[in-house]
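Presented below is the structure to which this report refers.
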Amino acid sequence: MALLAMFTAIILHLLLLTPFPPVLKADDKLIQIECHNAEVPSTCIQCLQSDQRSQKADRVGIATIIVSCLKNHAQSLAANMSHLASGAKDKEMKNRFEECSQGFSSAMKELSSATIRLKKAKYDGAERSVNKALNCYNLNCQSIIQSYKHTPKHVVYSMRIYEELSEAANRVIERL
């Protein structure tokens, strides 16, 4: 507990020393600061470090890159769900996987809207779009995957990363 309090004090100190809005570019220090509030900072950091744009990004750029990672996961998951639907022998599971694929396709549209809103400095709207994208997944997919015992592990993993990136995007956007 004392370690958490000390870590929080250090981050607060760093935030107070950082001009607002920060003039720093998204070097490793800024990435650490922005990802600190995510439930799983390592997922946020990995997303940002995997994109070359992050080294020249400001705080809005960081949020945009996380949304881009999220959109890539939604696209991959839509394809995975479509593939699972095509291989499902049970008609009910086939329909459920197709619904899940459509949910991720809808999520991609919301994430495109989030990116546009970030570029227009409409941060509340961007956050709403990210939440809607997560709801597309939650409403159509979560129970399907939990009930289907043969879901490939990489799909389950990718879905977990999707949730973590959604949460990270929201934490970064709400601080803009």
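Here Leu77 contributes atom CG and Met108 contributes atom CE; the two are 10.5 Å apart, rounded to the nearest 0.5 Å. For the atom pair Arg117 CZ and Thr64 OG1, the distance stands at 13.5 Å (nearest 0.5 Å). For the atom pair Ser166 OG and Ile66 CD1, the distance stands at 11.0 Å (nearest 0.5 Å). Taking NZ of Lys71 as the start and CG of Leu165 as the end, the distance is 15.0 Å to the nearest 0.5 Å. Remark: Glu110 CD to Leu70 CG distance equals 11.5 Å, nearest 0.5 Å. Distance CD/Gln52 to CD1/Ile65: 10.5 Å, rounded to 0.5 Å.
When all heavy atoms are compared, the tightest approach of Cys35 to Pro41 is O-CB, 3.5 Å. Summarising the geometry of Ser113 relative to Ser129, their closest heavy-atom pair is CB-OG, 3.8 Å, with the distance given to 0.1 Å. Shortest non-hydrogen contact noted between Ala169 and Val67 is CB-CG2, 4.3 Å. When all heavy atoms of Ser86 and Lys94 are compared, the pair lying nearest together is CA-NZ, 4.3 Å.
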Review item, side-chain donor-acceptor pairs of residues 43-51, under 3.5 Å, at least two apart:
residue: Thr43; atom: OG1; partner: Glu164; partner atom: OE1; Å: 2.5
residue: Ser50; atom: OG; partner: Gln46; partner atom: O; Å: 3.4
residue: Ser50; atom: OG; partner: Cys47; partner atom: O; Å: 2.7
residue: Asp51; atom: OD1; partner: Arg53; partner atom: N; Å: 2.8
residue: Asp51; atom: OD1; partner: Arg53; partner atom: NE; Å: 3.0
residue: Asp51; atom: OD2; partner: Arg53; partner atom: NE; Å: 3.2
residue: Asp51; atom: OD2; partner: Arg53; partner atom: NH2; Å: 2.8

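Applying the side-chain hydrogen bond (donor to acceptor under 3.5 Å, both in side chains) rule to Ser76 yields no partners; only residues at least two apart in sequence or on another chain are considered. Partners of Arg128 by side-chain hydrogen bond (donor to acceptor under 3.5 Å, both in side chains), not counting sequence neighbours: none found. Every residue two or more places apart in sequence or in another chain was checked for a side-chain hydrogen bond (donor to acceptor under 3.5 Å, both in side chains) with Asn80, and none qualifies. Every residue two or more places apart in sequence or in another chain was checked for a side-chain hydrogen bond (donor to acceptor under 3.5 Å, both in side chains) with Thr115, and none qualifies.
A side-chain donor-acceptor contact under 3.5 Å links Ser106 to the backbone of Gln102. Using a distance-only test at 3.5 Å, with no hydrogens or angles considered, a donor-acceptor pair links the side chain of Arg59 to the main chain of Arg175. With Ser101 contributing its side chain and Phe97 its backbone, the two residues share no donor-acceptor pair below 3.5 Å.
Other residues, nucleotides and ligands contribute at most 12 non-hydrogen atoms within 6.0 Å of the CD atom of Glu39. Within 6.0 Å of atom CD in Gln75, 12 or fewer heavy atoms from other residues, nucleotides or ligands are found, so the atom counts as exposed in its surroundings.
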Q. Could you go step by step and tell me if Leu84 and Met81 meet the side-chain contact (heavy atoms from CB on, under 4.5 Å) rule?
A. CA-CA 5 Å; Leu84 287 170; Met81 294 302 152; 4.1 Å; yes
Q.
Before you tell me yes or no, could you show the steps for Ile31 and Gln55 under side-chain contact (heavy atoms from CB on, under 4.5 Å), namely the whole-Å CA-CA distance, both residues' side-chain angles and the distance that decides it to 0.1 Å?
A. CA-CA 9 Å; Ile31 288 172; Gln55 292 305 311; 4.3 Å; yes
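One hydrophobic cluster, built from ILVMFWY side chains closer than 4.5 Å, holds both Val156 and Met93. No continuous path of ILVMFWY side-chain contacts below 4.5 Å connects Ile62 to Val40, so the two sit in separate hydrophobic clusters.
Taking 4.5 Å as the limit, some side-chain heavy atom of Ser68 sits within range of a side-chain heavy atom of Asn72.
For residues 157-176, the set of pairs meeting the ring pair (Phe, Tyr, Trp, His ring centres under 6.0 Å) definition, not counting sequence neighbours, comprises Phe104-Tyr162, Tyr137-Tyr162.
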